[in-house]
Enquirer: 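Please see the structure below; I have some questions.
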Amino acid sequence: METPPKTTPQAIRGTQDIFGAEAEAFAHVVETFERVRKLYRFRRAEMPVFEKTAVFSRSLGETTDVVSKEMYSFEDRGGDSLTLRPEFTAGIARAYLTNGWQQHAPLKLATHGPLFRYERPQKGRYRQFHQIDTEIIGVPEPQADVELLVMADQLLKELGVADGVTLMLNTLGDGASREAWRAALVHFFQAHRAELSEDSQERLEKNPLRILDSKDPRDKAFLGDAPKIDDYLSGEAQEFFGKVTSGLDAAGVKWTRAPALVRGLDYYRHTAFEFVTDRLGAQGTVLGGGRYDGLIEALGGPHTPAVGWAAGIERLAMLVGEVPEEQLDIAIVVEADGLDTLATSISTYLRQAGRSVHVVAIGSMRKRYEKAAKFDPRGILVITDQDVEAGHFARLTYKDIAKDKMSDANADAIMQIVSVFYPLGYFCDPRMFQAGEGITLKSHPK
RNA sequence: GCGACCGUAGCUCAGUUGGUUAGAGCGCCGGUUUGUGGUACCGGAGGUCGUGGGUUCAAGACCCAUCGGUCGCCCCA
């Protein structure tokens, strides 16, 4: 017989259990996103958390770090290679094709949920993390880029974090521009290969664009002379970018041109952007995205232009800071065990009337009051059994915390409560209440 | 994958140059006090000092490994 281990299994590295104010902040971000997304008429979508591995490897690019070393991939019992989604866009593109969502094009979608990446945990970086995400599929025009960016800007403003965050904007040009620029960059850096950092020498093979935002001083020395995207932009690409920037200006969205800004995933074209902050340590990007006109084709679909962005909920929540739980309206203290059902009637009524209620009915009397006070309610309603001769009397006392006394201001609240008791078999003399003495409920014989 | 720092009661932490039965605050439980009750006081429960080795007469304190945490590199939201 095996002895059962006494140790409690630990949570998986890089996952988090959140609670209280932190969890409220998380919920606040999601709720704000939901509200804003409706303002822009983005429709909700839910996709599975895992997909066939090919969904990601084919769309993100085999050589990207995400695909090559950060995916949670595994074989299921049927032998298929599956992967926990490391991002939203690929799965959305797959769903778009698989479900014939083309019929709804142009389609504005919003979603949020958990993503998984096998990375070293760090501030603002987790193995299971959460994003909010929006996409516009089937619109080749720059207006889509603008609408998405304006929406992101409004979201950050409504969350109250906009002043600490700046929009860094760039264009990668169309496919041809991007390739020409990329080739020029490779050519340029190849000449200085030996002087680059080890990381960048590797990036030269896999993702040369990323050398541009290297923090290594050895690389930075060359950045100033590196080829600029602007010199490789086709006329069309230039015009496209111009429309994006003028749209942002028209909407009053502040932006900063960041010619070295590139995205880590292969599928981006034209517009690329990040909302960055310096308040999150090493994890500066709070919201990022761009246009990915080639992605849906890579998944075997027709050429379909699309734009989108995603933002880290944890990161936004950290910027938002403490979001206190809403104050409790009423704590009900039940002083005698026989009055449980009365407490249930009252609390049910109050909650249905939209008031938050906590019922305290266990522990010593002293503890009950102590607990009620700790809930920090607006008021405490005490249910006592007073003058009980036949066990048919109950007495209600309401204390308004702010006024520290029985309060007439809450007469309405209590009268409402009382009004429902009659059908429940109780009645009271309102004059008792008027005198500020609380209310004595008497049971009436039907 | 690389580096730095850290890991003592439920929580936040003290624990002098290694040396008697490991402490505090908060929280929790019980009690006293306070004239409608978040106060004050008293008492109590709770830790094989992350885990496994090693050094030593002696380790929570030193060394190694391992697992976690935090932060940075990298990557990204």
Side-chain angles (χ1 to χ4, degrees), chain A residues 5-16 19-20 29 60 63-71 85-89 112-134 152 165 197-200 202-203 206-207 210-211 213-216 219 261-265 273-277 280-290 308-319 331 333 335 360 363-377 380-382 384 386 395-401 404-406 436-438:
Chain A
K6 283 286 178 101
T7 52
T8 305
Q10 293 176 309
I12 294 172
R13 178 163 213 200
T15 63
Q16 38 177 358
F19 170 76
V29 170
L60 309 197
T63 61
T64 58
D65 280 23
V66 171
V67 171
S68 62
K69 47 192 187 198
E70 293 174 3
M71 294 205 302
R85 41 141 94 140
E87 58 114 48
F88 273 119
T89 308
H112 65 83
L115 290 317
F116 305 84
R117 248 119 100 160
Y118 189 87
E119 295 183 280
R120 194 76 182 271
Q122 212 174 110
K123 182 174 190 170
R125 194 170 87 179
Y126 308 96
R127 289 186 173 180
Q128 177 179 333
F129 60 105
H130 304 261
Q131 286 185 349
I132 50 180
D133 180 282
T134 61
V165 177
S197 66
E198 297 76 29
D199 282 331
S200 285
E202 203 173 318
R203 281 188 277 236
K206 291 167 37 175
N207 201 344
R210 289 222 73 94
I211 299 176
D213 53 17
S214 168
K215 292 169 194 160
D216 194 302
D219 302 330
L261 176 84
V262 295
R263 310 252 64 226
L265 281 11
F273 53 87
E274 283 178 10
F275 285 79
V276 299
T277 179
L280 252 33
Q283 264 57 52
T285 304
V286 97
L287 183 154
W309 56 251
I313 298 177
E314 288 86 352
R315 291 183 187 180
L316 287 172
M318 280 189 265
L319 289 177
V333 174
E335 274 217 353
V360 186
S364 68
M365 286 312 141
R366 171 196 160 86
K367 284 289 167 196
R368 294 185 196 189
Y369 283 104
E370 222 170 70
K371 208 153 227 147
K374 268 179 195 160
F375 287 139
D376 187 29
I380 297 180
L381 182 67
V382 180
T384 347
Q386 195 193 30
R395 183 179 165 74
L396 300 185
T397 326
Y398 182 81
K399 180 181 181 183
D400 187 311
I401 298 293
D404 197 33
K405 61 169 179 130
M406 298 291 306
E437 294 286 314

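Just so it is clear: chains get the letters A, B, ... in the order the sequence lines come, proteins before strands, and each one is counted from 1. Source: prediction; values computed, not measured.
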Enquirer: Tell whether Arg203(A) reaches the base of C75(B) with its side chain through a donor-acceptor pair below 3.5 angstrom.
Expert: no
Enquirer: P atom, C64(B) versus G3(B): distance in rounded Å?
Expert: 14 Å
Enquirer: Report which part of the nucleic acid Gly289(A) touches: base, sugar-phosphate, or nothing (heavy-atom distance under 4.0 Å, all strands).
Expert: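 Gly289(A): no heavy atom of the nucleic acid under 4.0 Å.
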Enquirer: Holding to side chain to side chain donor-acceptor pair (under 3.5 Å), I want the full list of residues that pass it with Asp219(A), two or more places apart in sequence or in another chain.
Expert: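 Per chain and number, Asp219(A) pairs via side chain to side chain donor-acceptor pair (under 3.5 Å) with Ser197(A), Ser200(A), Ser214(A).
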Enquirer: Using a cut-off of less than 4.0 Å, is there contact between a side-chain N or O of Lys123(A) and OP1 or OP2 of G72(B)?
Expert: no
Enquirer: Could you work out the separation of C41(B) and A24(B) based on their P atoms and round it to a whole Å?
Expert: 15 Å
Enquirer: Tell whether Glu370(A) reaches the base of G38(B) with its side chain through a donor-acceptor pair below 3.5 angstrom.
Expert: no
Enquirer: Which part of the nucleic acid does Lys69(A) contact within heavy-atom distance under 4.0 Å: base, sugar-phosphate only, or nothing?
Expert: nothing
Enquirer: Give a yes/no answer on whether the side chain of Lys374(A) brings an N or O atom under 4.0 Å of OP1 or OP2 in C28(B).
Expert: yes
Enquirer: Return the 5'-most residue of the pair Val286(A), Asp216(A) with respect to RNA chain B, ranking by each residue's nearest nucleotide.
Expert: Asp216(A)
Enquirer: Quote, to the nearest angstrom, the P distance that separates A40(B) from G35(B).
Expert: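 The answer is 16 Å between these two P atoms.
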Enquirer: Using the test ring pair (Phe, Tyr, Trp, His ring centres under 6.0 Å), find all partners of His112(A) that sit at least two apart in sequence or belong to another chain.
Expert: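 Counting only residues at least two positions away or on another chain, His112(A) forms no ring pair (Phe, Tyr, Trp, His ring centres under 6.0 Å).
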Enquirer: Considering only the P atoms, how many Å lie between U20(B) and G60(B), rounded to the nearest integer?
Expert: 10 Å
Enquirer: What is the nucleic acid contact for Gln283(A), judged by heavy atoms within less than 4.0 Å: base, sugar-phosphate only, or nothing?
Expert: base
Enquirer: How would you label the contact of Glu119(A) with the nucleic acid (heavy atoms, under 4.0 Å): base, sugar-phosphate, or nothing?
Expert: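 Base contact - Glu119(A) has a heavy atom under 4.0 Å of at least one base atom.
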Enquirer: Are any protein N/O atoms closer than 3.5 Å to N/O atoms in nucleotides 31-35 of chain B? If there are, list each pair with its distance.
Expert:
unit_1 : atom_1 : unit_2    : atom_2 : d
U32(B) : O4     : Arg366(A) : NH1    : 3.1
U33(B) : O4     : Arg366(A) : NH1    : 3.0

Enquirer: If you measure from the P atom in G47(B) to the same atom in G10(B), how many Å do you get, rounded?
Expert: 7 Å
Enquirer: Please, what dot-bracket string fits RNA chain B when only Watson-Crick and G-U pairs with both distances under 3.5 Å count, crossing ones use [ ] and pairs to another strand use |?
Expert: (((((((..((((.....[...)))).(((((.......))))).....(((((..]....))))))))))))....
Enquirer: For a quick check of understanding: with a heavy-atom distance under 4.0 Å over all strands, which category does Gly284(A) fall into, base, sugar-phosphate or nothing?
Expert: nothing
Enquirer: Between G68(B) and U51(B), how far apart are the two C1' atoms, rounded to whole Å?
Expert: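 Taking atom C1' in both G68(B) and U51(B), they lie 10 Å apart.
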Enquirer: Grab the N/O contacts between the protein and nucleotides 2-11 of chain B below 3.5 Å, and write none if there aren't any.
Expert:
unit_1 : atom_1 : unit_2    : atom_2 : d
C2(B)  : N4     : Arg120(A) : NH1    : 2.6

Enquirer: Does Gln16(A) have any side chain to side chain donor-acceptor pair (under 3.5 Å) partners at least two apart in sequence or in another chain, and if so, which?
Expert: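 Gln16(A): side chain to side chain donor-acceptor pair (under 3.5 Å) contacts with Glu314(A).
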Enquirer: Return the value, rounded to whole Å, for the distance between atom CD of Gln131(A) and atom P of C75(B).
Expert: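 Distance check: Gln131(A) CD to C75(B) P gives 18 Å.
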Enquirer: Provide the distance between the two P atoms, one in U21(B) and one in G43(B), to the nearest whole Å.
Expert: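 To the nearest whole Å, 24 Å.
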Enquirer: Would you indicate what Phe129(A) reaches in the nucleic acid, counting non-hydrogen atoms under 4.0 angstrom: base, sugar-phosphate, or nothing?
Expert: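 Counting heavy atoms under 4.0 Å across all strands, the contact made by Phe129(A) includes a base.
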Enquirer: Roughly how many Å apart are A9(B) and C49(B), using the C1' atom of each and rounding to a whole number?
Expert: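 My reading of the C1' atoms in C49(B) and A9(B) gives 10 Å.
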Enquirer: Less than 4.0 angstrom between a side-chain N/O of Arg210(A) and OP1 or OP2 of C76(B), yes or no?
Expert: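 For C76(B), OP1/OP2 do have a side-chain N/O of Arg210(A) under 4.0 Å.
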